[in-house]
Colleague: 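Attaching a single structure in structure tokens format; questions to follow.
Proteins get letters first, then strands, A, B, ... in listed order; numbering begins at 1 in each. All values below come from the heavy atoms of this structure, side chains included, with hydrogens, waters and symmetry mates left out.
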Amino acid sequence: MKMSKLFVQTLRDFPQDAEAMSHKLLVRAGYIKKLANGIYTYLPLMNRVISKIEQITREELNKAGAQELSMPFVQPAELWKRSGRWGAYGKELLRMKDRHDVELCLGPTHEEVITSVVDGIVTSYRQLPLNLYQFQLKFRDEIRPRFGLLRSREFIMKDGYSFHGSQESLDEEYQNMWRAYKRIFERCGLETKAVQSDSGAIGGKVSHEFMVLTETQTGEDDVFYCKHCDYSANSNHCTSILNDEITTTRFDKEELIDTPNVKTIKDLAEFLKVSENNILKSVLYIADSKPVMVMIRGDKEVEETKLLNVLCANEIRPATDDEVLEYTCCVPGFVTCFGLENKIKILYDKSIAGMKNFVTGANIKDKHKVGVNFKSDLNFVDVSLSKAGEKCPVCGQPLFVTRGIEVGNIFQLGTKYSEPMNVCYTDEKGENKPFIMGCYGIGITRTASAAIEKHHDEYGIIWPLAIAPYHCVVVPVNIQEPDQKEAAYTIYEKLQKNGVEVVLDDRDDRAGVKFKDSDLIGFPFRITVGKAIKEGKVEFKMRSSKEFDVITIEEAIKRVTEEVLKLNED
RNA sequence: CGGGAUGUAGCGCAGCUUGGUAGCGCACCUCGCUUGGGACGAGGGGGUCGCAGGUUCAAAUCCUGUCAUCCCGACCA
């Protein structure tokens with residue numbers, strides 16, 4: 001490809017409305033162009049990156065025994081009604097009607113479709129296990145798309161689904177996919193950590209997310225991990241053990257005391273000279289229109305995904321001040337569970353276990369109780385957000401926290417779809433059984449973004465060779481110089497013959513322009529043809545390094561070709 | 001959905017307070033000059049000022065509505 005013909009426009013400045021570095025660079029280097037909020041055109045450079053990531057994914061999945069197919073993007077509502085998700089999925093599902101008033105939606109995921117595809121084709125246990133996957137556009141009407149391709153509404157995903165006749169078979173395939181995922185991301189130049197996670201709207205019990213750890217704000221999830229063992233988990237799934245802290249106070253008798261206008265935990269702790277973990281906090285939620293009070297230690301926060309799961313609710317939200325008054329007959333800030341046991345549902349978070357002589361509300365305005373103890377044994381649940389420094393549930397060592405970008409996930413779905421949709425096979429005994437299913441996703445466009453988040457510098461993108469849009473750029477410093485021009489063309493053609501994906505920067509521009517562009521776009525290798533061509537020498541430079549070597553044309557071609565050939569050995 | 005902000009040329013912005021011929025930088029076209037890290041000079045093309053109403057002799061500017069976008073929060077495989 002000649003640079004003069006390449007459909008790309010680099011910008012001198014970073015776009016003003018971009019926050020994440022990958023977003024800024026993708027726009028500035030001419031990879032994407034926004035059409036609408038969260039909807040982007042993938043320009044030729046981006047398209048090539050996407051193809052590379054898809055191809056690596058395809059190779060590894062095929063090697064792992066999966067088969068590629070392609071399912072429709074537009075899906076009928078009827079399918080979603082059969083699985084029960086038409087009502088449950090929420091507003092991320094973009095719904096519409098066709099000219100006959102038939103309800104349709106844009107596919108945010110394909111569990112329903114794949115289940116109906118398999119229906120009638122796979123009828124016997126002899127056909128199992130089976131693993132099918134596709135690369136497909138997804139549309140999720142996100143509340144707030146942001147960070148460019150890291151959270152867009154329209155995106156490309158590899159989604160795969162497996163079908164089994166036993167849990168053992170699913171376990172095996174789950175491990176198989178786990179290994180394939182590790183290889184895929186490794187080949188894409190990304191180190192990932194598989195963390196336990198909540199399975200959310202997809203459903204199922206066991207699930208892991210493959211996270212690229214970032215430590216910048218661009219990662220959207222908090223990941224807890226242990227340095228001493230393998231444990232790691234998303235914040236919505238982390239079950240840390242609390243440290244042994246002071247759990248009692250100097251108040252050894254239960255007493256009602258005046259606390260005028262002391263509403264927050266922080267103020268209360270200061271007012272009474274106790275620590276926040278001596279206070280029993282009451283938080284009122286509305287779960288599917290019903291009130292639920294969560295009792296939790298004062299220094300802890302409620303993890304709403306955990307709460308949602310414990311309640312088996314579809315939707316939860318914190319109660320408004322008016323609702324607190326309605327259900328507890330007390331203004332927020334002075335509420336407690338005592339006396340409300342028979343009125344509303346109360347959950348006791350495990351963080352309050354062992355609290356003695358604690359402080360809590362009195363259900364009376366401007367009053368709290370001190371020296372309180374629970375009279376009977378409680379059933380504890382885990383609905384609190386973990387904190388860095390709390391103990392690993394596996395080995396007891398302190399946990400650390402970092403930010404992460406979720407680039408892939410694997411779920412054990414079980415019969416969540418096959419059962420309600422009544423899609424079955426016949427087993428060895430001639431009985432009809434719903435399929436046991438697994439589901440495996442990789443965000444292709446998000447993976448590209450994550451790669452940029454991890455691999456860039458102040459000048460631009462530094463693509464891992466395997467997913468770069470082109471391997472190499474050849475830059476004649478001055479295309480007007482016949483020697484340079486001729487040599488550049490020769491190198492360009494030889495590299496092409498060797499199977500190297502190469503761009504010749506044949507533009508009649510100053511060298512600075514070409515260097516800036518090649519750094520910005522991120523070609524892994526650059527061969528510069530300058531004055532040294534009179535001695536038959538060129539410069540060989542890697543994007544990832546500041547240094548360059550002055551070597552012969554032949555040597556430069558050899559180095560690039562060898563590196564590219566190494567890729568194919570993977 | 002709540003809070004904040006912004007819509008003026010492909011991109012980045014000024015002009016709006018105090019209404020009176022729509023501007024600047026980059027990009028683009030022509031010519032010259034230049035060619036090792038985003039040169040320079042001269043000339044040129046391109047804008048329903050987000051959209052719709054209203055006030056006014058006159059609206060990018062004032063008023064009302066509306067749409068879109070961005071940031072924070074809530075929320076989210």
Colleague: Using whole Å, report how far CZ of A/Arg12 lies from P of B/G37.
Modeller: 14 Å
Colleague: More than 12 non-hydrogen atoms from neighbouring residues, nucleotides or ligands closer than 6.0 Å to NZ on A/Lys534, yes or no?
Modeller: no
Colleague: Given the C1' atoms of B/C11 and B/C51, what is the spacing between them in whole Å?
Modeller: 23 Å
Colleague: With a 3.5 Å limit on both atom pairs, tell me what B/G10 is paired to, counting Watson-Crick and G-U wobble, or say none.
Modeller: B/C26
Colleague: If I pick the P atom on B/G73 and the same atom on B/G41, what distance separates them, to the nearest angstrom?
Modeller: 45 Å
Colleague: With both distances under 3.5 Å as the test, what is the Watson-Crick or G-U wobble partner of B/G36?
Modeller: none
Colleague: Answer yes or no: side-chain N or O of A/Arg28 and base N or O of B/G38 forming a donor-acceptor pair under 3.5 Å.
Modeller: yes
Colleague: Do A/Lys158 and A/Glu54 sit within salt-bridge range, that is, some charged N less than 4.0 Å from a carboxylate O?
Modeller: no
Colleague: Mind checking side chain to side chain contact (heavy atoms under 4.5 Å, CB included) for A/Asn47 and listing every partner two or more places apart, or none if nothing turns up?
Modeller: A/Tyr42
Colleague: For A/Glu406 and A/Met211, indicate whether the former's side chain and the latter's backbone hold a donor-acceptor pair under 3.5 Å.
Modeller: no
Colleague: Nearest whole Å is fine: how far is B/C76 P from A/Phe139 CZ?
Modeller: 18 Å
Colleague: Would the distance check show the side chain of A/Glu303 and the main-chain N or O of A/Val383 forming a donor-acceptor pair, the cut-off being under 3.5 Å?
Modeller: no
Colleague: So for atom NZ, which belongs to A/Lys182, do other residues, nucleotides or ligands contribute more than 12 heavy atoms lying within a distance under 6.0 Å?
Modeller: yes
Colleague: Using purine N1 to pyrimidine N3 plus N6-O4 or O6-N4 for Watson-Crick, or N1-O2 and O6-N3 for G-U wobble, both under 3.5 Å, which nucleotide pairs with B/A59?
Modeller: none
Colleague: Salt bridge between A/Glu112 and A/Arg85, side-chain N to carboxylate O under 4.0 Å?
Modeller: yes
Colleague: If B/G41 has a Watson-Crick or G-U wobble mate with both distances under 3.5 Å, name it; if not, just say none.
Modeller: B/C31
Colleague: Which residues pass the side chain to side chain contact (heavy atoms under 4.5 Å, CB included) test with A/Ala287, sequence neighbours left out?
Modeller: A/Val292, A/Leu311, A/Ala313, A/Ile316
Colleague: What pairs with A/Ser518 under side chain to side chain contact (heavy atoms under 4.5 Å, CB included), at least two apart in sequence or on another chain?
Modeller: A/Val473, A/Phe523, A/Arg526
Colleague: In whole Å, what separates the C1' atom of B/C29 from that of B/G45?
Modeller: 7 Å
Colleague: Can you name the side chain to side chain contact (heavy atoms under 4.5 Å, CB included) partners of A/Ser545, sequence neighbours left out?
Modeller: A/Met542, A/Glu547
Colleague: Could you grab the distance from atom CG of A/Leu94 to atom OH of A/Tyr89, nearest 0.5 Å is fine?
Modeller: 12.0 Å
Colleague: Strictly under 3.5 Å: I want the nitrogen or oxygen pairs between protein and nucleotides 47-51 of chain B, one per line.
Modeller:
none

Colleague: Can you pull every protein N or O that's under 3.5 Å from an N or O on nucleotides 3-5 of chain B?
Modeller:
none

Colleague: For B/A60 versus B/G19, give the span between their C1' atoms, rounded off to a whole number of Å.
Modeller: 10 Å
Colleague: So which nucleotide from B/C71, B/A27, B/C70 ends up closest to the side chain of A/Glu19?
Modeller: B/C71
Colleague: Quick one, give me the B/S/- string for nucleotides 28-36 of chain B, reading 5' to 3', where B means a protein heavy atom under 4.0 Å from the base and S means that only happens at the primed atoms, P, OP1 or OP2.
Modeller: ------BBB
Colleague: Starting from P on B/C71, measure out to CD1 on A/Ile143 and report it in whole angstrom.
Modeller: 15 Å
Colleague: Below 3.5 Å is the cut-off: list the nitrogen or oxygen pairs between protein and nucleotides 42-44 of chain B, distance only.
Modeller:
none

Colleague: Please name all residues satisfying ring-ring contact (aromatic ring centres under 6.0 Å, His included) with A/Tyr31, sequence neighbours left out, ordered by chain then number.
Modeller: A/Trp463
Colleague: Take atom C1' in B/G44 and the same atom in B/G36, then report the distance between them in whole Å.
Modeller: 32 Å
Colleague: For B/A5, which nucleotide is its Watson-Crick or G-U wobble mate, given both distances must be under 3.5 Å?
Modeller: B/U69
Colleague: Where do N or O atoms of nucleotides 23-25 of chain B meet protein N or O atoms at under 3.5 Å, pair by pair?
Modeller:
none

Colleague: Could you tell me the separation between the NZ atom of A/Lys516 and the P atom of B/C26, rounded to a whole number of Å?
Modeller: 17 Å
Colleague: Consider ring pair (Phe, Tyr, Trp, His ring centres under 6.0 Å). Of A/Tyr133, A/Phe210, A/Tyr440, A/Tyr174, which one does A/Tyr181 pass it with?
Modeller: A/Phe210
Colleague: With RNA chain B as reference, determine whether A/Phe155 or A/Ala36 sits nearer its 5' end, using the nearest nucleotide of each.
Modeller: A/Ala36
Colleague: Hey, does the Lys NZ or Arg CZ of A/Arg95 hover above the aromatic six-ring of A/Trp86, less than 6.0 Å from the centre and inside 45° of the axis?
Modeller: yes
Colleague: Under 3.5 Å for both donor-acceptor distances, Watson-Crick or wobble: does B/U17 have a partner, and if so which one?
Modeller: none
Colleague: So which one's nearest nucleotide on RNA chain B is more toward 5', A/Asn409 or A/Pro15?
Modeller: A/Pro15
Colleague: Above 12 or not: heavy atoms from other molecules or residues under 6.0 Å from CD of A/Glu103?
Modeller: yes
Colleague: How would you list, by chain and number, every residue that makes a ring-ring contact (aromatic ring centres under 6.0 Å, His included) with A/Phe163, sequence neighbours excluded?
Modeller: A/Phe435
Colleague: Could you give the distance separating B/U6 and B/U64 at their P atoms, to the nearest angstrom?
Modeller: 15 Å
Colleague: Students often get this wrong, so: under 4.0 angstrom with heavy atoms, is A/Lys33 touching a base, only sugar-phosphate, or nothing?
Modeller: nothing
Colleague: Rounded to whole angstroms, how far apart are CG on A/Leu93 and C1' on B/C76?
Modeller: 14 Å
Colleague: Would you kindly give the NZ-to-P distance between A/Lys306 and B/C76, to the nearest whole Å?
Modeller: 15 Å
Colleague: Any N or O donor-acceptor pair linking the side chain of A/Arg146 to the base of B/C70 at under 3.5 Å?
Modeller: no
Colleague: Taking atom C1' in both B/A5 and B/A9, compute the distance separating them and give it to the nearest angstrom.
Modeller: 23 Å
Colleague: Can you list every ring-ring contact (aromatic ring centres under 6.0 Å, His included) pair that touches residues 533-552 of chain A, not counting sequence neighbours?
Modeller: A/Phe525-A/Phe540
Colleague: P atom, B/U35 versus B/G20: distance in rounded Å?
Modeller: 48 Å
Colleague: In this structure, how many angstroms lie between the C1' atom of B/C71 and the NZ atom of A/Lys24, rounded?
Modeller: 13 Å
Colleague: Rounded to the nearest Å, what distance is computed from the CG atom of residue A/Asn37 to the C1' atom of nucleotide B/C67?
Modeller: 13 Å
Colleague: Classify the nucleic acid contact of A/Ile410 as base, sugar-phosphate or nothing, counting any heavy atom under 4.0 Å across all strands shown.
Modeller: nothing
Colleague: Just wondering, more than 12 heavy atoms not from A/Glu191 lying within 6.0 Å of its CD?
Modeller: no
Colleague: Does A/Asp299 pair with A/Lys281 as a salt bridge, N-O distance under 4.0 Å?
Modeller: no
